Engineer: 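Dropping a structure here in structure tokens format, bear with me for questions.
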Amino acid sequence: MHVLILGGTTEARVLAGLLHPRTRVTSSLAGRVAAPRLPAGEVRVGGFGGAEGLAAWVREHAVDAVIDATHPFAERISFNAARAAVTAHVPLLALRRPGWVPGDGDDWRDVASLEEAAAALDGLGDRVFLTTGRMGLAAFAGRPEWFLVRSVDAPDAPMPARAEVLLERGPFTLDGERELIARHRVDVLVTKDSGGAATAPKLTAAREAGVPVVVVRRPPVPEGVPTVADPERAAEWAFSR
């Protein structure tokens, strides 16, 4: 049996470790991170050329099942995977970590896009902790605020005129996030609803500091694609094929 994991996430790496070596596993990484943490099994890097290219790759490499374990905001590859699975006649499963849920004392502003997140900054303060990744910063390029931009790799232009870039990879600690927010006198945090524990401490630190959080909602999983929340259930699904 050959399982193709569309990955790059922590959950994808765990899943590959659960499946390999009991079955053949190929993990596909987008190639957007310069030095990714490689999973067990075979690895390919780069795009497929859309849904048709992915379907052709699946047929050419005799893939029996596809698991979409990409980042919750990797909307394009998820929809390409759904179309490719239908074309290639292979089963598809989506592995999605649960989203974050606000708790008592949280001051969250829910928005649908990075553009809405930028507009939501009006009146929230002058110092923004921006943790939406290195892509999509153009939405904030025209803003007057000062931004602390945190990402794994150097961000793409255009970006805010007043900005400091912090290159770091999670997981992050609560003490570290508390210190960062205090040291940079952060007024507002902007994040995507990525879910998971690796980057969640910033939300607790923001609540403790009374800092409002602008949260970009994640896109939905393509209609009709079954979804599980953890690698163990995804592995059970794969082994049951």
Side-chain angles (χ1 to χ4, degrees), residues 9-11 14 69-75 78 94-152 155 159-160 162-221 227-231 233:
T9 59
T10 300
E11 291 78 13
V14 172
T70 56
H71 191 278
F73 283 83
E75 186 173 13
S78 293
L95 170 57
R96 290 291 185 274
R97 68 186 76 144
W100 291 320
V101 177
D104 292 341
D106 282 319
D107 181 7
W108 287 15
R109 319 296 170 90
D110 192 46
V111 297
S113 66
L114 291 175
E115 289 73 21
E116 286 190 17
L121 294 176
D122 290 342
L124 292 182
D126 186 55
R127 301 180 68 82
V128 182
F129 185 16
L130 186 58
T131 65
T132 56
R134 69 183 181 90
M135 303 179 68
L137 298 185
F140 303 90
R143 297 294 309 187
E145 295 88 357
W146 175 88
F147 288 83
L148 176 63
V149 179
R150 184 166 70 188
S151 63
V152 175
M159 58 183 294
R162 300 172 58 211
E164 177 179 335
V165 176
L166 181 62
L167 299 182
E168 287 187 334
R169 186 198 299 266
F172 303 104
T173 67
L174 179 54
D175 285 343
E177 300 293 63
R178 286 167 173 158
E179 191 276 334
L180 194 68
I181 286 175
R183 173 160 48 92
H184 291 280
R185 308 190 310 280
V186 169
D187 297 315
V188 56
L189 168 66
V190 180
T191 187
K192 293 178 177 178
D193 178 18
S194 300
T199 60
K202 63 189 173 187
L203 302 172
T204 301
R207 178 175 67 244
E208 292 177 351
V211 169
V213 182
V214 179
V215 182
V216 182
R217 294 193 300 271
R218 59 173 63 179
V221 172
T227 305
V228 297
D230 58 73
R233 291 182 63 192

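These numbers come from a predicted model, not from an experiment.
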Engineer: Does a side-chain N-to-carboxylate-O contact under 4.0 Å join D122 and R143?
Structural biologist: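 R143 and D122: salt-bridged.
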Engineer: To the nearest 0.5 Å, tell me how far T10 OG1 sits from H71 NE2.
Structural biologist: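 Going from OG1 on T10 over to NE2 on H71, the span is 9.5 Å.
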Engineer: I need the minimum non-hydrogen distance between A229 and P98, along with the two atoms involved.
Structural biologist: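 Shortest heavy-atom contact: O-CD, 3.9 Å.
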Engineer: How far apart are the closest heavy atoms of V165 and P155, and which atoms are they?
Structural biologist: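 Where V165 meets P155 most closely, the heavy atoms are CG1-CD, 3.6 Å.
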Engineer: Just jot down the side-chain contact (heavy atoms from CB on, under 4.5 Å) partners of E75, sequence neighbours excluded, or say none.
Structural biologist: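 side-chain contact (heavy atoms from CB on, under 4.5 Å) check on E75 returns F79, P219.
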Engineer: Within the structure provided, determine whether T191 and L203 are in side-chain contact (heavy-atom separation under 4.5 Å).
Structural biologist: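 Side-chain contact under 4.5 Å: yes.
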Engineer: Among L114, T199, V215, which residue satisfies the side chain to side chain contact (heavy atoms under 4.5 Å, CB included) criterion with K192?
Structural biologist: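 Passing option: L114.
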Engineer: Please check this pair: side chain of H184 against backbone of V186, looking for a donor-acceptor N/O pair closer than 3.5 Å.
Structural biologist: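 A pair under 3.5 Å: no.
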Engineer: Would you give the length of the straight line joining atom CD1 of I181 to atom CG of L148, rounded to the nearest 0.5 angstrom?
Structural biologist: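 Those atoms lie 10.0 Å apart.
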Engineer: So do the side chains of S194 and R97 get within less than 4.5 Å of each other, counting heavy atoms only?
Structural biologist: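 The answer is yes, as the side chains (C-beta and beyond) meet within the 4.5 Å cut-off.
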Engineer: Taking the basic N atoms (NZ, or NE/NH1/NH2) and the acidic carboxylate oxygens, is any pair closer than 4.0 Å for R127 and E164?
Structural biologist: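 Between E164 and R127 there is no salt bridge, as every charged N stays at least 4.0 Å from the carboxylate O atoms.
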Engineer: Return the minimal non-hydrogen interatomic distance between A206 and V213, and the atom names on each side.
Structural biologist: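 Of all heavy-atom pairs spanning A206 and V213, the closest is CB-CG2, 3.8 Å.
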Engineer: As an exercise, state the distance from CZ of R96 to OG of S78, rounded to the nearest 0.5 Å.
Structural biologist: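 If we round to the nearest 0.5 Å, R96:CZ and S78:OG are 4.0 Å apart.
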Engineer: Measuring only between side-chain heavy atoms, which start at C-beta, is P160 closer than 4.5 Å to E145?
Structural biologist: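 They are not in contact (no side-chain heavy atoms under 4.5 Å apart), so the answer is no.
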Engineer: Assess whether side-chain contact (heavy atoms from CB on, under 4.5 Å) is satisfied between F172 and R150, documenting all intermediate values.
Structural biologist: CA-CA 12 Å; F172 303 104; R150 184 166 70 188; 3.6 Å; yes
Engineer: Can you tell me which residue pairs pass the salt bridge (Lys or Arg N to Asp or Glu O under 4.0 Å) test with a partner in residues 110-120, sequence neighbours excluded?
Structural biologist: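 Of all non-adjacent pairs touching residues 110-120, those that pass salt bridge (Lys or Arg N to Asp or Glu O under 4.0 Å) are D110-R217.
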Engineer: Is there a side-chain contact between E179 and D175 (heavy atoms, below 4.5 Å)?
Structural biologist: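 Not touching, per the 4.5 Å side-chain cut-off.
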Engineer: If I compare all heavy atoms of P212 with all of R109, which pair ends up nearest, and what's the gap?
Structural biologist: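 Distance-wise, the nearest heavy atoms are CB-NH2, 4.0 Å.
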Engineer: Going by the ring-ring contact (aromatic ring centres under 6.0 Å, His included) test, which pairs reach into residues 97-134, not counting sequence neighbours?
Structural biologist: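 Applying ring-ring contact (aromatic ring centres under 6.0 Å, His included) to every pair that reaches into residues 97-134, excluding sequence neighbours, yields nothing.
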Engineer: What are the two closest non-hydrogen atoms of A120 and V111, and how far apart are they?
Structural biologist: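 Where A120 meets V111 most closely, the heavy atoms are CB-CG1, 4.2 Å.
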Engineer: Step by step, work out the side-chain contact (heavy atoms from CB on, under 4.5 Å) result for L137 and L130.
Structural biologist: CA-CA 9 Å; L137 298 185; L130 186 58; 3.5 Å; yes
Engineer: Hey, could you give me the CZ/OG1 distance between R233 and T227, rounded to the nearest 0.5 Å?
Structural biologist: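 Rounded to the nearest 0.5 Å, the CZ-OG1 separation comes out at 9.5 Å.
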Engineer: Within a strict 4.5 Å, meaning less than it, do heavy atoms of the V149 and F140 side chains meet?
Structural biologist: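 When only atoms from C-beta onward are counted, F140 and V149 do not touch, as no gap falls below 4.5 Å.
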Engineer: Look at the side chain of D187 and the backbone N and O of D126, then say whether any donor-acceptor pair between them is shorter than 3.5 Å.
Structural biologist: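 Here the side-chain-to-backbone pair exists.
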Engineer: List the atom of A94, the atom of V221, and the distance in Å for their closest heavy-atom pair.
Structural biologist: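 Here A94 and V221 meet closest at CB-CG1, 3.9 Å.
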Engineer: When you compare the side chain of V14 with that of E11, does any pair of heavy atoms fall below 4.5 Å?
Structural biologist: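 Sidechains of V14 and E11: no contact.
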Engineer: Using 0.5 Å steps for rounding, measure from the CG atom of D106 to the CD atom of E208.
Structural biologist: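 Answer rounded to 0.5 Å: 10.5 Å.
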Engineer: Can you tell me how far the CG atom of D107 sits from the CG atom of L189, to the nearest 0.5 Å?
Structural biologist: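 The CG atom of D107 sits 11.0 Å away from the CG atom of L189.
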